[in-house]
Amino acid sequence: ELPVIRGGNDSVGELFEISRPEMHAITKAEEYIRANLRWSLTIDQVARAVYLSRTTFIEQFRARTGKSFTEYVNDCRFDETCRLLKGSDLSISRISMQIGITPRSLRLLCCQRTGHSPTALRNHYRNGK
């Protein structure tokens, strides 16, 4: 059984809104990651935010999500990139800042996942092809 984090007025709870009074530490970690994509995220930082040791966090994170921490963060960054490409006119540079990676890394991420650059992916979404 994963530990349950109770919402409250602690400093971590102030970083993002807790939607339920109780939630598993890994669920809270997932919310923390999505809310803080623009910043450099480390395993140690997120583990501390949900009051788990690094080792416990890594084990429980993989068990709960089926992904490594890095895979999960990259998936979140890609999902947010797609959302921003579809629904905004932000420049590619600005989108990369929003998701916490360099424009070059954003291009690599998109090319690895779709075979297209961010600009081509935006055009694809807009043209419905």
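Model, not experiment: these values are computed from the prediction. If you read the sequence from its start, that first residue is 1, and numbering goes on from there.
- Proximity of Leu41 to Phe69: side-chain heavy atoms (C-beta onward) are separated by under 4.5 Å at one or more points.
- Side-chain contact between Arg64 and His24 is present, with at least one heavy-atom pair separated by less than 4.5 Å.
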Q: Decide yes or no on side-chain contact (heavy atoms from CB on, under 4.5 Å) for Glu30 and Thr27, but give the supporting numbers first.
A: CA-CA 5 Å; Glu30 290 176 283; Thr27 303; 4.3 Å; yes
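- Residues meeting the side chain to side chain contact (heavy atoms under 4.5 Å, CB included) test with Asp79, sequence neighbours left out: none.
- Contact of the Leu52 side chain with the Gln60 side chain is registered, since non-hydrogen atoms from C-beta on lie closer than 4.5 Å.
- Residues Leu85 and Thr81 have side chains in contact (heavy-atom distance under 4.5 Å, counting atoms from C-beta outward).
- Under the 3.5 Å distance criterion, the side-chain polar atoms of Ser105 are left unmatched by any main-chain donor or acceptor of Ile101.
- Nearest heavy-atom pair across Tyr32 and Ala49 is CE1-CB, 4.0 Å.
- At least one side-chain heavy atom of Ile26 sits under 4.5 Å from a side-chain heavy atom of Phe57.
- Taking 4.5 Å as the limit, every side-chain heavy atom of Met97 sits out of range of all side-chain heavy atoms of Ile92.
- The side-chain hydrogen bond (donor to acceptor under 3.5 Å, both in side chains) check on Ser53 picks up Thr56, with sequence neighbours excluded.
- In Arg107, the CZ atom is not crowded: 12 or fewer heavy atoms of neighbouring residues, nucleotides or ligands sit closer than 6.0 Å.
- Here the CD1 atom belonging to Ile99 is positioned 10.5 Å from the SG atom belonging to Cys76, to the nearest 0.5 angstrom.
- The shortest distance between side-chain heavy atoms of Ser96 and Arg38 does not fall below 4.5 Å.
- Side-chain atoms of Cys82 and Tyr125, non-hydrogen and from C-beta on, do get closer than 4.5 Å to each other.
- Between atom CZ of residue Phe61 and atom CD of residue Glu71 there is a gap of 9.5 Å, rounded to the nearest 0.5 Å.
- The shortest heavy-atom contact between Gln98 and Leu84 is CB-CD1, 4.0 Å.
- Residue Tyr72 forms a side chain to side chain donor-acceptor pair (under 3.5 Å) with just one option from Arg34, Lys67, Arg62, and that option is Arg34.
- With hydrophobic clusters built from ILVMFWY side chains whose heavy atoms lie under 4.5 angstrom apart, Leu121 shares a cluster with Leu90.
- Contact record, Ile43 with Ile58: CG2-CG1, 3.8 Å, taken as the closest heavy-atom pair.
- Between Glu80 and Arg77 there is no salt bridge, since no side-chain nitrogen of the basic residue lies less than 4.0 Å from a carboxylate oxygen of the acidic one.
- Contact check on Arg94 versus Asp89 returns no salt bridge, with no Lys/Arg side-chain nitrogen under 4.0 Å from an Asp/Glu carboxylate oxygen.
- Shortest non-hydrogen contact noted between Val46 and Ala29 is CG1-CB, 3.7 Å.
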